[in-house]
*Asks:* 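Mind looking over this structure? Questions follow.
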Amino acid sequence: MRETANHDALPDLLLDWYDVHAREMPWRVGPEARKMGVRPDPYRVWMSEIMLQQTTVATVRDYFLRFVTLWPTVGDLAAAEDADVMGEWAGLGYYARARNLLKCARVVVTEHGGAFPADHAELLKLPGIGPYTAAAVSSIAFDLPYTVLDGNVERVMARLYDIHTPLPAAKPALMDKAEALTPPARPGDYAQAVMDLGATICSPKSPACGICPWRDPCAARVAGTQNGLPKKTPKKAKPVRHGTVYLAQREDGAWLLETRPEKGLLGGMLGWPGSDWVDTEHARPQGTPPVAADWSDLNGEVRHTFTHFHLMLTVKTAQVPEHAEPRRGTFLPREQFRPSDLPTVMRKAFDLSQG
DNA sequence: AATCCGGGGGT
DNA sequence: ACCCCAGGATT
């Protein structure tokens, strides 16, 4: 009987903890306003949730503030130039998120009158909004009783119920537990509370069980298995690929750059022309230079790791005359070129060329 | 169900 | 070197 009573008390235990320990974030409302029932701006909640996909709060904060300063409303964002948005996103990674961010803003303006729908099914239809984000916006922005399941919640549930099934197979079971726990009152605060708990106390390594509001009911803590949970199926090793990029600067200072194709790696981002990137067992590819010139190899190479492979890039540089006609890419005037608009691997190549 | 898709920070 | 992170789209 005591177990049932404890189970029913779990949400309130966590909400009481959250009322005291909620982390401050630019897209949240403060504790005073929260008590008055003030909801956060759905635009800011959505923006933060897109940026927070596979990205830490510390990394997102500055990008978020920059975006909402440049584009305070979804209408402002919908009217922005694609290149401006992609440039501001540079360095944050997973660039499909930025393309979908713009698509979504424009759909919200054209099909929803410039306001995010307070409707889980409608949110789920929007570009870049999947099961997690639809639940997050529904609960956090609109206080609707939907359950978020992110890496934090998975870890907390796996420990709270001492579930040893490895991820991702365990996801349905973890979702069942998370849904059963979601309270009808304050579901938005509750959703953020579980994630805050996972991000601060119920951390992947060395969780601080001693100060956890769910210390007593936690099955893994009782069993002493919390450090090994959640279990995960092993992932395969990353292959190594090689390639070459060409950095051409015209005599007037303009740089030869190209916008990468919309789909695929670094899609829609600015980059240096270059070869394909191929597995290391093949010869190092040089490709075809984007413009006729006297190319020279830079000392050293660029090393970069993507989600599923390591890349080693040879960097070639050349000065070209004003009348040069490239077979690939466009010369971008020196004053329009911002290295910060480049994705990190391309910025590394630029940095190498600048010594 | 598997694979693709970045980058940074912690350990 | 490996792991983790407020996942979604595509095949």
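Residue numbers begin at 1 in each chain, while the letters A, B, ... track the order of the sequences.
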*Asks:* Can you tell me how the ring of W272(A) sits relative to the ring of W255(A), calling it parallel under 30°, perpendicular over 60° and tilted otherwise?
*Replies:*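 Judged by the thresholds at 30° and 60°, the geometry between W272(A) and W255(A) is perpendicular.
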*Asks:* Under the side-chain contact (heavy atoms from CB on, under 4.5 Å) rule, what do D150(A) and L52(A) come out as? Steps first, then yes or no, please.
*Replies:* CA-CA 11 Å; D150(A) 72 332; L52(A) 285 164; over 6 Å; no
*Asks:* In residues 117-141 of chain A, what residues come within less than 4.0 Å of DNA chain B, judged by heavy atoms?
*Replies:*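 Result for residues 117-141 of chain A: none.
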*Asks:* Between the side chain of R44(A) and the main-chain N/O of P26(A), is any donor-acceptor distance below 3.5 Å?
*Replies:*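 Judged by distance alone, yes, a pair lies under 3.5 Å.
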*Asks:* May I ask you to say what M25(A) touches in the nucleic acid, namely base, sugar-phosphate or nothing, with a heavy-atom cut-off under 4.0 Å?
*Replies:*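 Base contact.
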*Asks:* Name the pairs: protein N/O against N/O of nucleotides 3-6 of chain B, kept only if under 3.5 Å.
*Replies:*
from, atom 1, to, atom 2, distance (Å)
dC5(B), OP1, L265(A), N, 3.4
dC5(B), OP2, H308(A), NE2, 2.6
dG6(B), OP1, Y95(A), N, 3.2
dG6(B), OP2, L266(A), N, 2.5
dG6(B), O4', Y94(A), N, 3.0
dG6(B), N7, Y94(A), OH, 3.4
dG6(B), N7, T307(A), OG1, 3.0
dG6(B), O6, Y94(A), OH, 3.2
dG6(B), N1, Q54(A), O, 2.9
dG6(B), N2, Q54(A), O, 3.3
dG6(B), N2, T55(A), OG1, 2.9
dG6(B), N2, L92(A), O, 3.3

*Asks:* Considering only NZ, NE, NH1 and NH2 on the basic side and carboxylate oxygens on the acidic side, decide whether R66(A) and D62(A) come within less than 4.0 Å.
*Replies:*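 Looking at R66(A) and D62(A), the cut-off is not met.
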*Asks:* Tell me: NZ of K171(A) to P of dA2(B), nearest whole Å?
*Replies:*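 Spelled out: NZ on K171(A) to P on dA2(B) is 13 Å.
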*Asks:* Contact between L126(A) and H112(A) at the side-chain level, heavy atoms closer than 4.5 Å - yes or no?
*Replies:*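 Yes, close enough: below the 4.5 Å cut-off.
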*Asks:* Rounded to whole angstrom, note down the C1' distance from dA9(C) over to dG8(B).
*Replies:*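 Those two atoms are separated by 23 Å.
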*Asks:* From CZ of R61(A) over to P of dG8(B), roughly how many Å is that when rounded to an integer?
*Replies:*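 Distance, rounded to whole Å: 18 Å.
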*Asks:* Does the pair E24(A)/R61(A) count as a salt bridge with the N-to-O cut at 4.0 Å?
*Replies:*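 Judged by the 4.0 Å cut-off on N to carboxylate O distance, E24(A) and R61(A) do not form a salt bridge.
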*Asks:* In whole angstrom, give me the gap between the C1' atoms of dC3(C) and dG6(B).
*Replies:*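 Looking at atom C1' only, dC3(C) and dG6(B) are 15 Å apart.
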*Asks:* Rounded to the nearest Å, what distance is computed from the CG atom of residue L167(A) to the P atom of nucleotide dA1(B)?
*Replies:*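 Those two atoms, CG and P, are 14 Å apart.
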*Asks:* Write down the protein N/O and nucleotide N/O pairs, taken from nucleotides 9-11 of chain B, whose separation is under 3.5 Å; answer none if there are no such pairs.
*Replies:*
none

*Asks:* Testing the basics here: between A293(A) and V320(A), what is the closest heavy-atom pair and its distance to 0.1 Å?
*Replies:*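 Smallest interatomic distance, heavy atoms only, reads CB-CG1, 3.6 Å.
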*Asks:* Determine the minimum heavy-atom distance between W277(A) and G243(A), stating which atoms define it.
*Replies:*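 For W277(A) versus G243(A), the nearest heavy atoms are CD1-CA, 3.8 Å.
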*Asks:* Using every non-hydrogen atom in the two residues, find where Q226(A) and P207(A) come nearest and quote the distance to one decimal.
*Replies:*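 Looking at all heavy atoms of both residues, the closest pair is CG-CG, 3.8 Å.
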*Asks:* A141(A) and R39(A): which non-hydrogen atoms are nearest, and at how many Å?
*Replies:*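 The pair with the smallest heavy-atom distance is O-CB, 3.6 Å.
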*Asks:* R28(A) versus R34(A): any side-chain heavy-atom pair under 4.5 Å?
*Replies:*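 They are not in contact (no side-chain heavy atoms under 4.5 Å apart), so the answer is no.
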*Asks:* What nucleic acid atoms does R99(A) come within less than 4.0 Å of, heavy atoms only: base, sugar-phosphate, or nothing?
*Replies:*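 No contact.
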*Asks:* Counting C-beta onward and ignoring hydrogens, is there a side-chain heavy-atom pair between T165(A) and K231(A) closer than 4.5 Å?
*Replies:*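 With C-beta onward as the side chain, the pair stays apart.
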*Asks:* Is there a side-chain hydrogen bond (donor to acceptor under 3.5 Å, both in side chains) between R97(A) and T55(A) once you walk through the steps?
*Replies:* CA-CA 12 Å; R97(A) 293 185 295 170; T55(A) 311; 3.2 Å; yes
*Asks:* Students should find this one: the first and last nucleotides of DNA chain C, 5' to 3', lying under 4.0 Å from a heavy atom of chain A. What are they?
*Replies:*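 Going 5' to 3' along DNA chain C, contacts run dC4(C) to dA9(C).
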*Asks:* In terms of ring plane angle, is the pair F64(A) and W27(A) parallel, tilted or perpendicular, where the classes change at 30° and 60°?
*Replies:*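 Ring orientation of F64(A) relative to W27(A): perpendicular.
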*Asks:* Taking only Watson-Crick and G-U wobble pairs with both distances under 3.5 Å, what dot-bracket line describes DNA chain B, where [ ] shows pairs that cross earlier ones and | shows pairs with another strand?
*Replies:* |||||.|||||
*Asks:* Can you list the other members of the hydrophobic cluster that holds M312(A), where links are side-chain heavy atoms under 4.5 angstrom apart?
*Replies:*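 Members alongside M312(A): V240(A).
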*Asks:* Here's a test for you: under side chain to side chain contact (heavy atoms under 4.5 Å, CB included), which of L313(A), V245(A), T244(A) qualifies with S275(A)?
*Replies:*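 Passing option: T244(A).
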